[in-house]
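In what follows, a structure is listed as structure tokens, so that the remarks can point back to it.
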2 protein chains.
Amino acid sequence: MAAKGGGAQGKGPQWQAGSVPSLQQADSEPALSIERIVATAVELLDAEGVDGLKMRRLADRLGAGAMSLYWHVDNKEEVFDLALDSVLEYRGPPQGIEAADWRGAIFHMLEDWRASMLGHPWSASLLPRRALGPNILSRLELLGRILSGAGVAEADLNGAIWSLWNYVIGATITRANFDLSDDDMAAAQQRLAHLSEKYPTIERARLLLDNDWDGAFRKGLDFLLDGLVPRQ
Amino acid sequence: MAAKGGGAQGKGPQWQAGSVPSLQQADSEPALSIERIVATAVELLDAEGVDGLKMRRLADRLGAGAMSLYWHVDNKEEVFDLALDSVLEYRGPPQGIEAADWRGAIFHMLEDWRASMLGHPWSASLLPRRALGPNILSRLELLGRILSGAGVAEADLNGAIWSLWNYVIGATITRANFDLSDDDMAAAQQRLAHLSEKYPTIERARLLLDNDWDGAFRKGLDFLLDGLVPRQ
DNA sequence: GATTGACTCGTACAACGTACGATGCGATTT
DNA sequence: AAATCGCATCGTACGTTGTACGAGTCAATC
């Protein structure tokens, strides 16, 4: 009887944390586990980017055979899913009371979100393809709770949550994309040099060059919040 | 002397349109060309998604050998770049004068942008990884021109353009992601069913279920524009 | 001691991107 | 007319990838 379908039963990632330690090769490596796999996958992704994650390489880093991974994981996609969600954990606002300063709470959470993703740029390119993990859902839940407490009407809650989510995702993806490739940008400029007179406004605004990304992010967020919850 | 580096010289896509027709096999297939390759790639992407685009399959559809593609294109990545940009062409507002109704002009362009991408959902997942093509730049240029005309200060232009871009990208990617997978969503619900009490707000807002995406998009855009260019 | 179930891994395979070099063909040159 | 050249096509082959399959190990249970 093969192990087929035993460990990683069912479809989709198992969003779990608790598991039995139960190490059995006490000599060197601390035995395989989803946690270790995910942690190492994140390391590898940080070091080599999305294309650098290969099952064999991941197994090597873990001191295991390639096929051993498949006991804990259905396929490579699931590794991506788990790695992505693991990076998006939110530890909550520092000390501020969210009820009192809802605006601060939102800002903190969303800026932390953005920072988390920019700290692992591969996550931005992964996000569009992947499912909602529990950490993402937690953030959305928190967002909804704060907005609701801030006075957003029930009927508008959906639109408000999505608007903020959209904005954060968009800003992060854009930033991660251009951050990864400062020379790509230069190359683009080069490549389009002879067309540059077609884009005078972009040229004038130096849109592609010097940018206060963080400031722009905050400002746009401010506008959005002003619209969602008018200052009294 | 091999053809190596002859046709697709240099690095990066050639953002060109004009080319000599010059068909030489007059019998059946109208000869290979970048235009034909890109058009067929888009077809294939529409039909099979990002993972469905393989060089061999693309060549088959074109009635050509796989390696023939490489005369016109450096590698598969370039096919993605070209396909993405080709989908993002903007034909301009219908009849409205952009100077008079700048708000309408912006809305039209951005909604068209979003619609273009949703019409080819693969484009949303491709965008984070790819470079700026001329069609994207044109849209940004137009956006900047309109905003500038609407009274946005030179110093704020950058932030304003990026805010809108971010919002559109984020909204589109989110929507495309969830649209692709209505059953993924159901599966996610299922998978997280036992955790559902952890997300009461999401539950209550039915965030994952019924959504007026278009309405939410417009509303958020309104808020953003109100912030960027206060109504007098 | 036999059985079971959790876990590991060596081998093998099919599919993929694409390097390489041969080939064909029209236009240009001699 | 013959030779040359540049554009374009494609058959073959290689290296790399994800992963199916089944054999193997070991601890716990009966």
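Proteins get letters first, then strands, A, B, ... in listed order; numbering begins at 1 in each. Since the model is a prediction, treat every value here as computed from it, not as a measurement. Side chains are part of it too, since the values below use all heavy atoms of this structure and drop only hydrogens, waters and symmetry mates.
For A/Arg36 against A/Leu32, the heavy-atom pair with the smallest separation is NH2-CD1, 4.0 Å.
Taking atom CD of A/Glu48 as the reference point, atom C1' of D/dT17 lies 16 Å away to the nearest angstrom. The separation between B/Trp71 atom CH2 and C/dC20 atom C1' is 14 Å, rounded to whole Å. Distance, A/Asp60 CG to D/dT17 C1': 14 Å, rounded to whole Å. Between A/Glu78 atom CD and D/dG18 atom P the separation is 15 Å, expressed in whole Å. One atom, CG of A/Leu58, and another, P of D/dT19, lie 12 Å apart when rounded to the nearest Å. When the P atom of C/dC7 is taken as reference, atom CG of A/Leu62 falls 15 Å away, rounded to whole Å. A/Leu32 has its CG atom 16 Å from the C1' atom of D/dC26, to the nearest Å.
Without hydrogens or angle criteria, A/Arg114 side chain to A/Val168 main chain gives no donor-acceptor distance under 3.5 Å. Judged by distance alone, the side chain of A/Asp85 and the main-chain N or O of A/Asn135 form a donor-acceptor pair under 3.5 Å.
An OP1 or OP2 oxygen of D/dT9 is reached within less than 4.0 angstrom by a side-chain nitrogen or oxygen of B/His72. Dashed line: the shortest gap from a side-chain N or O of B/Ser68 to OP1 or OP2 of D/dC10 is under 4.0 Å.
By the salt bridge (charged side-chain N to carboxylate O under 4.0 Å, His left out) test, B/Arg57 is found to be paired with B/Glu48, residues two or more places apart in sequence or in another chain being considered. When the ring pair (Phe, Tyr, Trp, His ring centres under 6.0 Å) test is applied to B/Trp113, the partners found at least two apart in sequence or on another chain are B/Trp165. A/Glu43 is linked by a side chain to side chain contact (heavy atoms under 4.5 Å, CB included) to A/Arg61, counting only residues two or more places apart in sequence or in another chain. With sequence neighbours left out, the side chain to side chain contact (heavy atoms under 4.5 Å, CB included) criterion links A/Ser163 to B/Tyr167.
Ion pairing between a basic and an acidic side chain is recognised when a charged N comes within 4.0 Å of a carboxylate O; B/Asp112 and B/Arg91 show no such pairing.
Annotation: the terminal axes of the helix from C/dG1-D/dC30 to C/dT30-D/dA1 meet at 20°, where each axis is the rotation carrying the C1' atoms of four end pairs onto the next four (5 pairs per end, rounded to 10°).
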Could I get a table of every N or O pair under 3.5 Å where one atom is in the protein and the other is in nucleotides 11-17 of chain C?
residue: C/dC16; atom: OP1; partner: B/Lys54; partner atom: NZ; Å: 2.8
residue: C/dG17; atom: OP1; partner: B/Lys76; partner atom: NZ; Å: 2.5
residue: C/dG17; atom: OP2; partner: B/Met55; partner atom: N; Å: 3.1
residue: C/dG17; atom: N7; partner: B/Arg56; partner atom: NH2; Å: 2.7
residue: C/dG17; atom: O6; partner: B/Arg56; partner atom: NH2; Å: 2.8

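Using a 4.0 Å heavy-atom criterion, one finds that B/Ala64 contacts the sugar-phosphate atoms exclusively.
The line from CZ of B/Arg204 to OH of B/Tyr199 is 16.0 Å long, rounded to the nearest 0.5 Å.
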